[in-house]
Amino acid sequence: MAILDAIPEKLIVAFVTIFITYLQGTANFYILGPALGGWTSFRAQKILLPLNISLISLYVNYYLACTTDPGQTPEGWEPPFSVLNPDENAEIRVGITGPRFCNKCDAYKPPRAHHCKHCGKCVLRMDHHCPWIGNCVGFGNYSYFVRFVYSVIVSCTYGCYLLLWRLQRILDAWNNPWVIMKPGTFEVVIIAINIMLIGIVILAVGVLAIYHTYCLFKGQTTIEGWERTKTKRLISRRKIDPVEFPFDVGFYKNICSVLGDNPLLWAWPSPLKGDGLKYPIKPNTAPLLPYSWPPRDPKDLGPSFIERIEQEQTVEGSKLVRRDSEGYLVREITMEDRMRMLNEDDNGNRDPLEQEAHEQLSRENHQGMDPEDYYYDSASVSDGFTDEEEQSNDEEWVDE
């Protein structure tokens, strides 16, 4: 993928278009058409009809996948009020951190949206960024992308079958002494090259087709597949409370949500239903879960999470931002506080808060430790990763 990143995506799309045109042109007009009695003959039209229909579907869906906007967060969008202000009696689960927010876009993320560094925006129902179409695969064009992948498999499989049939006929003609006009060697070379290229395409795109079929059945995107894997790992390690993926509503409804409600029209190019901001969810799903998926490891939240908790546990008139030697939150001792404690007046009068800070400082000094050691320093807190492998895996899909 590093090589593809260095190539302009428009050149990649142009290469794919030329490659498809070369295969369909040589197969239709140079090899199979003449072999079936002429490209315009009834026999040729009947045998090549499935191939040409799948090729038309391939071209149309590839064009739509490349040119259709995958969708982005509408300006000013926010989760519902009930999500931003949950009821006091709402169930709280470890790992569910509240509505997601994108620091890059400075806006809330709708359910299933992710920030794409290539596009520079949050893409609705983002699956992945695909250099082969020069576009993100998201809510607006995911159905076209899936149909394009299936069209590639159908056209390549059927086309390869016809090329193998033609190759067999050529070999039979070469071995038949009664055939006077034998096929040329150049045609065999073109057939062999085309079969090799088609085989590579079937192998590469076939893996993609199998995986996206699995995603269709599970109602998930590629990113959500990684998220579900990590969530299961966190649950098995008892780092978060058990939680289910909220968007899996059954394999048939999952397929219909992408390809449409009518199975007879699944091959017809059509967009996903809805606006990309709300999706069907499992029954009895907590209202907050779709807006906060995926669950987070509490350690991954780092200092900011600790700061938010500690700031909520403040007392009027003094900010509790650090812990003393016994683990209790105490007021932050600034340099000014220290100077006042060292230069108190001769009568020994102190402000109550200064008295508290002075006593705390004395306890720490009696223990032979520097008071600075107890100050909360966000730069010194671990980022929450348990090992290098988990950190590298997370960087592949966690939004910035």
Task: Worked verdict on T17 versus Y62 for side chain to side chain contact (heavy atoms under 4.5 Å, CB included) - done: CA-CA 9 Å; T17 304; Y62 185 67; 3.8 Å; yes
- [ ] Kindly determine whether V152 and I20 satisfy side chain to side chain contact (heavy atoms under 4.5 Å, CB included), including the steps that lead there.
- [x] CA-CA 9 Å; V152 170; I20 295 172; 5.8 Å; no
Quick check: closest heavy atoms across [X] and [Y], and the distance to 0.1 Å?
{"X": "T40", "Y": "Q45", "value": "CA-NE2, 4.0 Å"}
{"X": "N141", "Y": "A65", "value": "ND2-O, 3.0 Å"}
{"X": "P70", "Y": "V123", "value": "CB-CG1, 3.7 Å"}
{"X": "L277", "Y": "P74", "value": "CD2-CD, 3.8 Å"}
{"X": "L84", "Y": "P99", "value": "CD2-CG, 3.9 Å"}
{"X": "Q220", "Y": "G225", "value": "NE2-CA, 3.6 Å"}

Using a 4.5 Å cut-off on heavy atoms from C-beta on, say whether the side chain of [Y] contacts that of [X].
{"X": "P111", "Y": "F247", "value": "yes"}
{"X": "I191", "Y": "I195", "value": "yes"}
{"X": "N135", "Y": "V13", "value": "no"}
{"X": "E227", "Y": "K230", "value": "no"}
{"X": "T213", "Y": "Y150", "value": "yes"}

Task: Test log, rule side chain to side chain contact (heavy atoms under 4.5 Å, CB included), inputs T222 and H212 - done: CA-CA 8 Å; T222 299; H212 279 283; 3.8 Å; yes
With no hydrogens and no angle check, is any side-chain donor or acceptor of [X] less than 3.5 Å from a backbone partner on [Y]?
{"X": "T285", "Y": "P290", "answer": "no"}
{"X": "W132", "Y": "I12", "answer": "no"}
{"X": "R147", "Y": "S270", "answer": "yes"}
{"X": "N176", "Y": "D172", "answer": "no"}
{"X": "D297", "Y": "L234", "answer": "no"}
{"X": "R125", "Y": "G276", "answer": "no"}
{"X": "R112", "Y": "M126", "answer": "no"}
{"X": "T26", "Y": "L23", "answer": "yes"}

Give a yes or no on whether [X] and [Y] share a hydrophobic cluster (residues Ile, Leu, Val, Met, Phe, Trp, Tyr; joining criterion: side-chain heavy atoms under 4.5 Å apart).
{"X": "V201", "Y": "I153", "answer": "yes"}
{"X": "Y211", "Y": "I255", "answer": "no"}
{"X": "I7", "Y": "F15", "answer": "yes"}
{"X": "I170", "Y": "I193", "answer": "yes"}
{"X": "L167", "Y": "I31", "answer": "yes"}

Task: Step-by-step side chain to side chain contact (heavy atoms under 4.5 Å, CB included) determination, L55 to N28 - done: CA-CA 11 Å; L55 284 171; N28 264 304; 3.9 Å; yes
Open item on the list: If hydrophobic residues (ILVMFWY) are linked whenever their side-chain heavy atoms come closer than 4.5 Å, directly or via other members, who joins V249 in its cluster?
Closed with: none
Task: Co-members of L49 in a cluster of I, L, V, M, F, W and Y side chains, linked at under 4.5 Å - done: I53
Is the [X] ring parallel, tilted or perpendicular to the [Y] ring (thresholds 30°, 60°)?
{"X": "H128", "Y": "F145", "answer": "perpendicular"}
{"X": "W77", "Y": "Y291", "answer": "parallel"}
{"X": "F245", "Y": "W293", "answer": "perpendicular"}
{"X": "H129", "Y": "H118", "answer": "parallel"}

Taking [atom1] in [X] as the centre, count heavy atoms belonging to other residues, nucleotides or ligands within less than 6.0 Å. Is the count above 12?
{"X": "F186", "atom1": "CZ", "answer": "no"}
{"X": "Y30", "atom1": "OH", "answer": "yes"}
{"X": "Y161", "atom1": "OH", "answer": "no"}

What distance do [X] atom [atom1] and [Y] atom [atom2] have between them, rounded to the nearest 0.5 Å?
{"X": "Q168", "Y": "L163", "atom1": "CD", "atom2": "CG", "value": "13.5 Å"}
{"X": "L36", "Y": "R166", "atom1": "CG", "atom2": "CZ", "value": "8.5 Å"}
{"X": "C156", "Y": "I200", "atom1": "SG", "atom2": "CD1", "value": "11.0 Å"}
{"X": "Y22", "Y": "N194", "atom1": "OH", "atom2": "CG", "value": "4.0 Å"}
{"X": "S143", "Y": "L259", "atom1": "OG", "atom2": "CG", "value": "7.5 Å"}
{"X": "Q24", "Y": "L58", "atom1": "CD", "atom2": "CG", "value": "10.0 Å"}

Task: Partner set under ring-ring contact (aromatic ring centres under 6.0 Å, His included) for Y144, not counting sequence neighbours - done: none
- [ ] Would you check if there is a donor-acceptor pair between the side chains of S151 and Y59 at a distance under 3.5 Å?
- [x] no
Task: Salt-bridge present (D261, K273; N to O < 4.0 Å) - done: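 Here D261 pairs with K273 in a salt bridge, since their nearest N and O are under 4.0 Å apart.
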TODO: Please determine which of K282, K232, K218, R228 meets the salt bridge (charged side-chain N to carboxylate O under 4.0 Å, His left out) test together with E244.
DONE: K282
